[in-house]
Amino acid sequence: MQQALDFSLQPQAPTPDRLAAGERVATRLKGQVQGAIHTDPLMTYAWSGDASSYRLIPAVVVFVNSEDDVRAVFKAARAEGLPVTFRAAGTSLSGQAVTDGVLAVLGDGWRKLDIHPGAEQVTLGPAIIVAEANRALKPFDKKIGPDPASQATCKIGGVVNNNSSGMCCGVAQNTYHTMARLRIVLTDGTMLDSGDAASCDAFRISHAAMLEQIHQLHHEVMADAELVDLIRHKYRIKNTVGYSLNALVDYHDPLDILIHLMVGSEGTLGFVSEVTYNTVPEHPFKATGLVPFPDPQAAGRAIIEMANGGVQVTTGVTAAEYIERRALATVEHLPPMAPLLPWLTADSPAVLIDVTAPDEATLLAEIAKTEDLLKHHGATHIELSRDAQRSAALWDIRKGFFTSGGAARPKGTSMLTEDVAAPIERLAEFVVDMRNLLDKHGYDDAIIFGHALAGNLHFQMSDNFAETGAAEKFDLFNQELSELVSVRYGGSLKAEHGTGRAIAAFVEAEWGAKAYQLMHRIKAIFDPERLLNPGVLLNDDPKIHIKNLKVMPLADELTDLCIECGFCEPACPSHHMTLTPRQRIAVTRERARLRETGEDPARLARFEADFQYAGLDTCAACNLCSLRCPVGIETGTMIMGERAKRRGPTAHWVAQLAADHRGAVEIMMRGGVALADTARTIIPAPAVEAVTDAARRMTGKRVPRVSRALHHGPGAPKVRNSRQDPRTTGFPVPIAQTGRPSVVYFPACPSRMFGAPRTSHQLLDTPAAMIALLERAGYDVIVPEKLNGQCCGQPFQSKGFPEQAAEVGGALKGELSRLSDAGRLQVVTDASTCAKHLKEFPGDAAVADSAAFLAQHVLPKLSITQRLPVVAVHHNCSAQRLFEQPMTEAVARACAEKVAVLSSITCCGYAGDKGLFVPELNEHATRRVGNDVPEGCELGVSTVSTCASGLSERVGVPFVGLASLLEWASR
């Protein structure tokens with residue numbers, strides 16, 4: 001824990017007046033908006049940070065799902081004198097998505113995705129993630145123009161409002177240039193749809209005065225040749241500093257100007273509710289290479305030539321990412337980097353290059369041309385690979401620099417990032433000057449990388465703003481950065497991250513007084529009350545960039561490296577329900593800070609109490625967040641540790657009792673589910689559910705919920721007779737008699753306790769199906785004796801009882817090791833959660849999950865005799881962490897004409913028994929699953945029986961074990 005540090009920079013709870021105003025806004029909005037509203041200390045703090053280095057605690061957080069919701073928020077906030085800030089994914093890097101007023105978070109209502117005929121255009125809602133849009137467009141060899149590195153997380157609303165670009169986007173393909181239509185809501189509640197003639201006509205009448213003001217601005221600018229030249233110069237390169245003044249030069253119709261001013265306005269002029277993009281080609285033929293150079297100057301000269309004079313191309317070199325040597329050092333340990341290491345010297349940067357083409361012949365010609373160029377400029381190793389996996393791996397490294405570089409910082413420090421741009425013809429010298437500036441100010445850990453074809457460089461470094469002098473040091477650096485970029489190079493202080501709070505103090509220095517006053521006039525035309533995101537983009541405070549800075553107190557060794565980027569959030573089943581991994585970490589840090597300082601015991605007590613449900617009870621501990629995090633932070637593991645710390649002596653006694661009598665526990669659980677099954681044959685299912693729901697309310701949710709989709713399981717299968725089984729031979733090693741290979745099969749406890757719903761296909765339960773398949777494939781099957789109560793220990797681990805988990809799981813692993821003859825025989829189990837957990841225990845037995853074993857060793861030996869038209873496939877969290885998706889889908893494809901993967905689900909939220917005790921998590925996590933299941937789908941598969949139970953209820957289609965389906969298909 002940090003010692004004797006000054007935490008004065010950390011924002012405190014809102015003032016009583018601001019809190020009271022937030023409560024009044026919440027009261028006004030109750031019944032007016034569809035989404036949740038939060039004013040409590042825990043949830044408002046959870047939403048106080050975005051991916052930037054700033055933190056502001058909102059007075060109220062409200063989820064908006066419609067234009068009517070937006071109008072209601074405007075009205076309520078105006079009445080109570082609070083500003084409004086809209087938030088999409090919260091990946092903003094300049095402090096645009098934080099506020100001490102009303103934070104309006106985009107809910108599910110904004111998830112429109114409509115591909116137009118021919119895929120030449122696509123209409124998107126602001127809550128659509130960029131990668132989702134591109135996945136939908138990929139079958140048409142199309143994509144949207146903006147391609148930010150955060151595209152797996154960031155949402156369209158943020159992309160439009162920041163005019164985000166990215167690695168291949170350049171200037172020509174950003175939102176400003178590829179937008180065909182915009183739908184907006186202004187602060188007076190008026191909706192304008194630029195693609196609807198009637199809407200435009202009505203707006204020209206109702207807002208004639210506003211349009212006339214914009215028209216006057218246009219004429220004033222066009223009459224000033226010096227200002228026109230400045231604007232055109234500034235937008236030759238990437239530039240998101242201030243408002244999009246190019247709209248006043250590029251367009252004459254004031255309505256067109258208005259619409260284009262909205263792009264990059266960072267939520268300060270109105271709300272964007274829908275956008276239609278003109279799509280751009282995504283050529284299917286591509287080669288990728290990470291090319292090292294002897295020094296930065298050589299790399300810069302090569303990039304200048306590849307940049308084609310700054311003209312964006314779609315054939316040839318479409319991306320060239322400059323990565324300096326210090327940045328490469330943070331990822332040297334990653335496997336894709338291995339072939340490059342012999343060619344990297346102490347000062348050699350590398351350039352990540354994409355060469356794309358519409359056909360193979362053109363690609364080969366472009367590769368040859370590019371290789372000649374690279375050789376001419378001294379590239380030390382050239383390998384342009386057409387392997388898609390290699391390309392994806394290299395780009396994953398590049399996309400992850402923001403967080404992998406951040407993870408390399410000292411613990412307890414904040415990660416700082418800026419993005420600047422200079423004219424491409426000066427890139428070589430610009431790279432060197434940027435490095436010298438960072439070193440001069442003592443940012444020795446800083447790394448530089450960027451979208452070099454556009455002259456755009458990113459750099460990031462760290463500092464501890466809890467230490468005296470850190471903010472002042474950062475201020476001096478920013479002053480000199482402004483002078484270097486804006487004055488000496490005539491570049492952009494913010495190329496693509498938006499102005500935010502980070503650069504607001506330097507907008508006038510970059511643009512000059514005349515253009516800066518023009519921006520203030522634009523703000524006054526759209527938002528005279530300063531209702532929307534005040535202080536962002538335009539700010540009179542010369543020190544705003546060093547105020548409300550985050551501190552990162554040490555709180556948990558597992559998560560101290562987190563930079564709160566939010567990349568993890570789309571994977572979290574409790575996202576938008578309670579907390580996300582990023583928010584659990586942020587709140588944990590604040591709790592640690594409050595304990596350290598002792599400054600507000602009452603607030604800390606409230607945090608600790610409220611964290612039980614929001615932080616602990618509704619965390620599935622699936623750790624899918626670690627797959628999205630470039631440095632693999634397992635927030636779920638931190639939560640399991642927290643659960644363990646909160647367990648008292650009584651809880652440990654109960655856990656040990658259960659561990660010692662787990663056979664009885666299994667019998668009781670199976671009996672309870674069987675009783676509910678029997679009750680449903682006598683009493684209507686809704687009545688049974690009503691009884692259990694009433695019992696849950698009376699006992700504080702201590703009684704499990706029993707749904708109609710939950711069925712009792714088959715129990716332990718009979719022990720198989722095998723001469724290779726040491727238990728039946730009396731010999732210490734197997735005696736091969738049949739000539740058939742043997743396999744040890746462990747039916748996992750969820751498969752024994754919980755059964756699948758009945759279907760018209762007369763499917764076998766999972767254990768019976770597994771045994772039938774293994775024998776059908778030519779195996780002698782060894783099943784452990786006394787299966788009742790045998791457990792991998794994962795349920796104990798997830799509940800915060802690691803000692804009991806080790807005891808129970810260790811005993812099972814020892815038994816499996818004995819049965820497998822110290823690992824000579826393969827062990828297979830039928831639940832992905834158990835397979836993953838058993839792999840983490842020491843022992844000789846190599847445990848395979850059913851999906852992998854069936855795909856690799858069973859399916860090739862079977863004859864498929866019948867197939868379904870379509871089957872839905874769920875990849876549960878453990879299967880994803882075992883990277884089994886291709887194998888699960890391979891088995892499903894063998895059994896069906898078409899496979900429909902549940903793409904809207906990451907973890908289903910059933911999480912062992914959370915579907916019984918916290919069913920709202922399962923309901924929330926699967927809320928959009930209906931969109932994933934095509935018409936005519938009668939069956940779904942999962943590799944965990946509890947997940948299958950929850951999906952059967954939520955999807956409305958019976959979900960069964962993968963083995964059950966394969967057994968039916970191969971009868």
Side-chain angles (χ1 to χ4, degrees), residues 1-13 42 45-57 90-95 97-98 330 401-418 442-447 460-474 477 501-502 545-569 579-597 599-600 604 607 611 615 625 629-635 638-639 641-642:
M1 190 67 68
Q2 292 171 314
Q3 300 294 321
L5 296 180
D6 176 14
F7 286 93
S8 60
L9 284 166
Q10 178 72 7
Q12 303 302 303
L42 180 79
Y45 189 88
W47 289 97
S48 66
D50 55 12
S52 73
S53 51
Y54 301 95
R55 189 181 301 285
L56 285 167
I57 302 174
T91 54
S92 303
L93 293 168
S94 301
V98 294
T330 67
F401 267 125
F402 173 65
T403 41
S404 62
R409 79 196 193 286
K411 290 184 176 182
T413 61
S414 295
M415 200 280 289
L416 310 171
T417 183
E418 297 296 345
Y443 293 113
D444 301 324
D445 64 338
I447 61 173
Q460 58 193 58
M461 61 276 196
S462 65
D463 213 335
N464 188 341
F465 289 123
E467 293 181 346
T468 302
E472 290 78 6
K473 170 186 169 183
F474 187 51
F477 169 77
R501 288 172 168 77
H545 57 291
I546 56 169
K547 293 183 178 179
N548 300 302
L549 292 167
K550 283 181 185 175
V551 295
M552 298 287 204
L554 302 182
D556 191 289
E557 289 186 0
L558 292 169
T559 58
D560 283 339
L561 287 178
C562 174
I563 58 173
E564 300 184 18
C565 65
F567 284 12
C568 56
E569 291 187 335
L579 299 179
T580 68
R582 166 167 63 174
Q583 292 171 330
R584 287 183 171 95
I585 292 170
V587 169
T588 296
R589 285 172 167 162
E590 176 66 354
R591 289 160 53 223
R593 186 189 73 83
L594 291 172
R595 284 194 295 268
E596 181 76 12
T597 63
E599 68 182 51
D600 195 340
L604 174 60
F607 268 42
F611 193 70
C625 47
C629 174
V631 293
I633 293 173
E634 294 186 348
T635 308
M638 177 194 80
I639 292 300
E642 175 90 5

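Note that this is a predicted model, so its numbers are computed, not measured.
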Peer 1: How close do Phe611 and Ile639 get, counting heavy atoms only, and between which atoms?
Peer 2: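 The pair with the smallest heavy-atom distance is CZ-CD1, 4.1 Å.
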Peer 1: Can you list the steps and then say if Ile546 with Phe465 is a side-chain contact (heavy atoms from CB on, under 4.5 Å)?
Peer 2: CA-CA 9 Å; Ile546 56 169; Phe465 289 123; over 6 Å; no
Peer 1: Kindly give the heavy-atom pair with the smallest separation between Pro553 and Asp560, and that separation in Å.
Peer 2: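 Where Pro553 meets Asp560 most closely, the heavy atoms are O-OD1, 4.5 Å.
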Peer 1: Within the side chain of Arg593, is there an N or O that forms a donor-acceptor pair under 3.5 Å with the backbone of Met552?
Peer 2: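 Answer holds: no.
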Peer 1: Got a sec, which residues hit side-chain contact (heavy atoms from CB on, under 4.5 Å) with Ala502, two or more places apart in sequence or on another chain?
Peer 2: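 In terms of side-chain contact (heavy atoms from CB on, under 4.5 Å), with neighbours along the sequence ignored, Ala502 is linked to Tyr54, Ser94, Glu418, Lys494.
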Peer 1: How would you list, by chain and number, every residue that makes a salt bridge (Lys or Arg N to Asp or Glu O under 4.0 Å) with Arg582, sequence neighbours excluded?
Peer 2: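 Salt bridge (Lys or Arg N to Asp or Glu O under 4.0 Å) list for Arg582, sorted by chain: Glu569.
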Peer 1: If we only count heavy atoms from C-beta on, is the Cys565 to Met415 side-chain gap below 4.5 Å?
Peer 2: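 A side-chain contact under 4.5 Å is absent here.
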Peer 1: Looking at Arg584 and Glu642, is there a salt bridge between them, counting it only when a charged N and a carboxylate O are closer than 4.0 Å?
Peer 2: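 Here Glu642 does not pair with Arg584 in a salt bridge, since their nearest N and O are not under 4.0 Å apart.
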Peer 1: When you compare the side chain of Pro410 with that of Asp445, does any pair of heavy atoms fall below 4.5 Å?
Peer 2: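 Yes; the side chains approach each other to less than 4.5 Å.
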Peer 1: Of all residues at least two apart in sequence or in a different chain, which pass the side-chain hydrogen bond (donor to acceptor under 3.5 Å, both in side chains) check with Ser52?
Peer 2: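 Residues passing side-chain hydrogen bond (donor to acceptor under 3.5 Å, both in side chains) with Ser52: Asp50.
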Peer 1: Test of understanding: with side-chain hydrogen bond (donor to acceptor under 3.5 Å, both in side chains), list the residues that count as partners of Ser53, not counting sequence neighbours.
Peer 2: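 Per chain and number, Ser53 pairs via side-chain hydrogen bond (donor to acceptor under 3.5 Å, both in side chains) with no residue.
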Peer 1: For Ala470 and Asn464, which heavy atoms make the closest approach, and how far apart are they?
Peer 2: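 Smallest heavy-atom distance, with atoms named: CB-O, 3.2 Å.
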Peer 1: Would you call the rings of His545 and Phe474 parallel, tilted or perpendicular, taking 30° and 60° as the class edges?
Peer 2: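 The rings of His545 and Phe474 sit tilted, inter-plane angle from 30° to 60°.
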Peer 1: Give the minimum heavy-atom separation between Val98 and Ser48, together with the two atoms involved.
Peer 2: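 Looking at all heavy atoms of both residues, the shortest contact is CG1-O, 3.3 Å.
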Peer 1: Considering all heavy atoms of both residues, which atom of Asp556 and which atom of Leu558 are nearest to each other, and what is their separation?
Peer 2: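 Shortest heavy-atom contact: OD1-N, 2.8 Å.
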Peer 1: Roughly how far apart are Leu416 CG and Phe477 CZ, rounded to 0.5 Å?
Peer 2: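 Spacing of CG (Leu416) from CZ (Phe477) equals 9.0 Å.
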Peer 1: What closest approach, in Å, do Leu561 and Arg409 show between heavy atoms, and which atom pair accounts for it?
Peer 2: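 So the two residues come closest at O-NH1, 2.8 Å.
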Peer 1: Got a sec, which residues hit salt bridge (Lys or Arg N to Asp or Glu O under 4.0 Å) with Glu634, two or more places apart in sequence or on another chain?
Peer 2: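 Glu634: salt bridge (Lys or Arg N to Asp or Glu O under 4.0 Å) contacts with Arg881.
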Peer 1: Are any of the side-chain heavy atoms of Arg55 and Glu564 separated by less than 4.5 Å?
Peer 2: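 Yes, their side chains come closer than 4.5 Å.
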Peer 1: Please check: side-chain N/O of Thr559 versus main-chain N/O of Cys562, any donor-acceptor pairing under 3.5 Å?
Peer 2: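 No: the side chain of Thr559 does not pair with the backbone of Cys562.
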Peer 1: Counting C-beta onward and ignoring hydrogens, is there a side-chain heavy-atom pair between Leu56 and Arg501 closer than 4.5 Å?
Peer 2: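 Yes; the side chains approach each other to less than 4.5 Å.
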Peer 1: Please name all residues satisfying side-chain contact (heavy atoms from CB on, under 4.5 Å) with Leu604, sequence neighbours left out, ordered by chain then number.
Peer 2: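 Partners of Leu604 by the side-chain contact (heavy atoms from CB on, under 4.5 Å) criterion, ordered by chain and then number, come out as Arg591, Leu594, Arg595, Glu608.
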